[in-house]
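Numbered from 1 within each chain, the chains take letters A, B, ... in sequence-line order.
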Amino acid sequence: MAEEAEGGVPEEILSLWEREQAQLKARVVDRDTEEWQREPAFSGLRRVGGVDLSFVKGDCARACASLVVLSYPELEVLYEDNQLVSLSTPYVPGFLAFREVPFLRDAMQRLRDTKPSLVPQVLFVDGNGVLHPRGFGVACHLGILTDLPCIGVAKKLLQVDGLENNALHRERMQLLHAGGDSFPLMGESRTVLGMALRSHDRSTNPLYVSVGHKVSLQTAVRLTHSCCRFRIPEPVRQADIRSREHIRRTLGLPAAPEPAPKRSQKVHPKGNLEETLD
DNA sequence: GCGACAG
DNA sequence: ATCTTGTCGC
């Protein structure tokens, strides 16, 4: 009998996945490979991409995978692709890419086939790059499969290599005073795995930026900051908004149910920050 | 038993 | 990821 440890995924599959991550990891390039990356104002950079998946509420299988391309530095949407997909793989911490990356790779292939002039020069990915238990998060995975420069942007700190969201970490967060301020995430291995970044002036919670592929950490942080009108970098934010909207237009709107007995309720809002706002 | 667990 | 309102501040 197959032992199912994580999310109903047999140990044997997890072991295959780990081997795949290890093999692909050897191909990650963690330095700047493009001319525009070394330019003070990124001159030469014209198109930035973002990807995200949104999920159908009561459905663990259906989602919308979105790829958007924005102009740089204007950050106006030039292209969007929203695709309803059926997910076959559950979410297993540390193996996010095996759930999401196939659909994002497909979206990029559609763009290459139909509008090659709009292929982005860099891709922002919702999730980590090398800041990962095995140094190969979803941003690295997509970078290798597409051969594009990729930047990992996570909203929460993944506690790997001794990194902890503890009192010291929160102390350092409070020292980030202005948009663009950051501090390195140095693991026990004495390796810098990523940077905590205050993405703009009015945002307390940092982003966790790490290298995905074909970009240096310094460039990844500088470019992430320059793409933030709000807390979340505009390419990822637009992909998130448009994937949600696509679901709502396509499947949503449960046709105004009958006026149910209305009663006042007290709900404790969580720390919803301003990233939802336009 | 407790905490972690990208999305 | 998703469930979810009002409210405070500029």
Side-chain angles (χ1 to χ4, degrees), chain A residues 5-9 14 17 21 50-66 84-104 124-143 150-167 169 185 187 193-197 200-212 224 230 232-233 236-237 239-241 243-248 251-252 254 260 262-277:
Chain A
E6 299 282 355
V9 176
L14 291 181
W17 285 355
Q21 288 179 330
V51 292
D52 191 35
L53 267 73
S54 292
F55 295 82
V56 177
K57 278 195 302 189
D59 196 330
C60 64
R62 280 193 299 177
C64 177
S66 293
L84 279 172
V85 299
S86 282
L87 302 188
S88 45
T89 307
Y91 168 64
V92 182
F95 300 94
L96 174 65
F98 292 91
R99 176 166 166 85
E100 299 195 347
V101 135
F103 306 102
L104 303 177
F124 286 91
V125 181
D126 203 344
N128 291 298
V130 300
L131 176 50
H132 177 273
R134 291 165 296 281
F136 193 72
V138 61
C140 300
H141 206 131
L142 187 59
C150 281
I151 297 172
V153 180
K155 296 178 285 297
K156 301 171 185 172
L157 176 65
L158 188 54
Q159 305 192 161
V160 301
D161 195 17
L163 293 173
E164 271 188 294
N165 184 14
N166 54 20
H169 179 81
L185 302 167
L193 298 174
M195 299 276 272
L197 168 71
H200 70 124
D201 288 340
R202 270 167 292 283
S203 180
T204 298
N205 267 240
L207 295 178
Y208 298 96
V209 177
S210 59
V211 169
T224 300
F230 302 95
I232 305 299
V236 170
R237 182 169 166 272
D240 177 73
I241 290 171
S243 57
R244 290 181 135 88
E245 179 61 17
H246 189 262
I247 286 178
R248 200 180 61 80
L251 311 163
K262 221 173 175 184
R263 212 157 286 175
S264 65
Q265 296 180 16
K266 278 269 180 182
V267 181
H268 281 228
K270 287 245 176 172
N272 271 353
L273 299 181
E274 63 276 29
E275 78 257 22
T276 310
L277 306 177

Exercise for the section: Taking the side chain as every heavy atom from C-beta outward, state whether A:L84 and A:H246 have any atom pair closer than 4.5 Å. Expected result: yes

Exercise for the section: Would you indicate what A:F95 reaches in the nucleic acid, counting non-hydrogen atoms under 4.0 angstrom: base, sugar-phosphate, or nothing? Expected result: base

Handout entry: Shortest non-hydrogen separation from A:H132 to A:G94 and the atoms involved
Key = NE2-O, 2.8 Å

Exercise for the section: Identify whether any heavy atom of A:N128 sits under 4.0 Å from a base atom; if not, whether one sits that close to sugar-phosphate; answer base, sugar-phosphate or nothing. Expected result: base

Problem - Nearest-Å distance for atom pair CG/C1', residues A:D59 and C:dT2 - result: 12 Å

Problem - Any A:R99 side-chain heavy atom under 4.5 Å of A:L87 side chain - result: yes

Fill in the blank from the handout: Pairs under 3.5 Å (Watson-Crick or G-U), crossing ones as [ ], inter-strand ones as |: DNA chain C comes out as ..........

Exercise for the section: Give the stems involving DNA chain B, where a stem is 3 or more consecutive Watson-Crick or G-U wobble pairs (i with j, i+1 with j-1, and so on) under 3.5 Å. Expected result: none

Handout entry: Side chains of A:T89 and A:F95 in contact at under 4.5 Å (non-hydrogen atoms)
Key = no

Exercise for the section: Sticking with atom C1', work out how far C:dT2 lies from B:dC5, rounded to a whole angstrom. Expected result: 16 Å

Practice task
Could you tell me whether a side-chain N or O of A:E100 sits under 3.5 Å from a main-chain N or O of A:V138, the two making a donor and an acceptor?
Solution key: no

Problem - Non-hydrogen atoms of A:I247 and A:S54 that approach each other most closely - result: CD1-O, 3.4 Å

Exercise for the section: Classify the nucleic acid contact of A:V138 as base, sugar-phosphate or nothing, counting any heavy atom under 4.0 Å across all strands shown. Expected result: base

Handout entry: side chain to side chain contact (heavy atoms under 4.5 Å, CB included) against A:P102, all qualifying residues, sequence neighbours excluded
Key = none

Problem - chain A footprint on DNA chain B, 5' to 3' - any atom under 4.0 Å from a heavy atom - result: B:dA4 to B:dG7

Handout entry: A:N128 and A:V160, any side-chain heavy atoms less than 4.5 Å apart
Key = no

Handout entry: Spacing between A:R244 atom CZ and C:dT4 atom C1', to the nearest angstrom
Key = 12 Å

Handout entry: Sugar-phosphate only, base, or nothing, as touched by A:G152 at under 4.0 Å among non-hydrogen atoms
Key = nothing

Completion exercise
Residue pairs passing the salt bridge (Lys or Arg N to Asp or Glu O under 4.0 Å) test with at least one member in residues 129-143 of chain A, sequence neighbours excluded, are none

Handout entry: Beyond-backbone contact of A:V92 with A:F98, side-chain heavy atoms, under 4.5 angstrom
Key = no

Exercise for the section: Find out whether A:L158 and A:P133 are in side-chain contact, i.e. whether some heavy atom of one side chain is under 4.5 Å from a heavy atom of the other. Expected result: yes

Practice task
Check every strand shown and say whether A:F55 touches a base, only sugar-phosphate, or nothing at a heavy-atom separation below 4.0 Å.
Solution key: sugar-phosphate

Got a list of protein N/O to nucleotides 8-10 of chain C N/O distances below 3.5 Å?
none

Problem - Within-4.5 Å side-chain heavy-atom neighbours: A:T224 and A:I151 - result: yes

Practice task
Output yes when a side-chain donor or acceptor of A:H141 lies under 3.5 Å from a complementary backbone atom of A:F136, and no otherwise.
Solution key: no

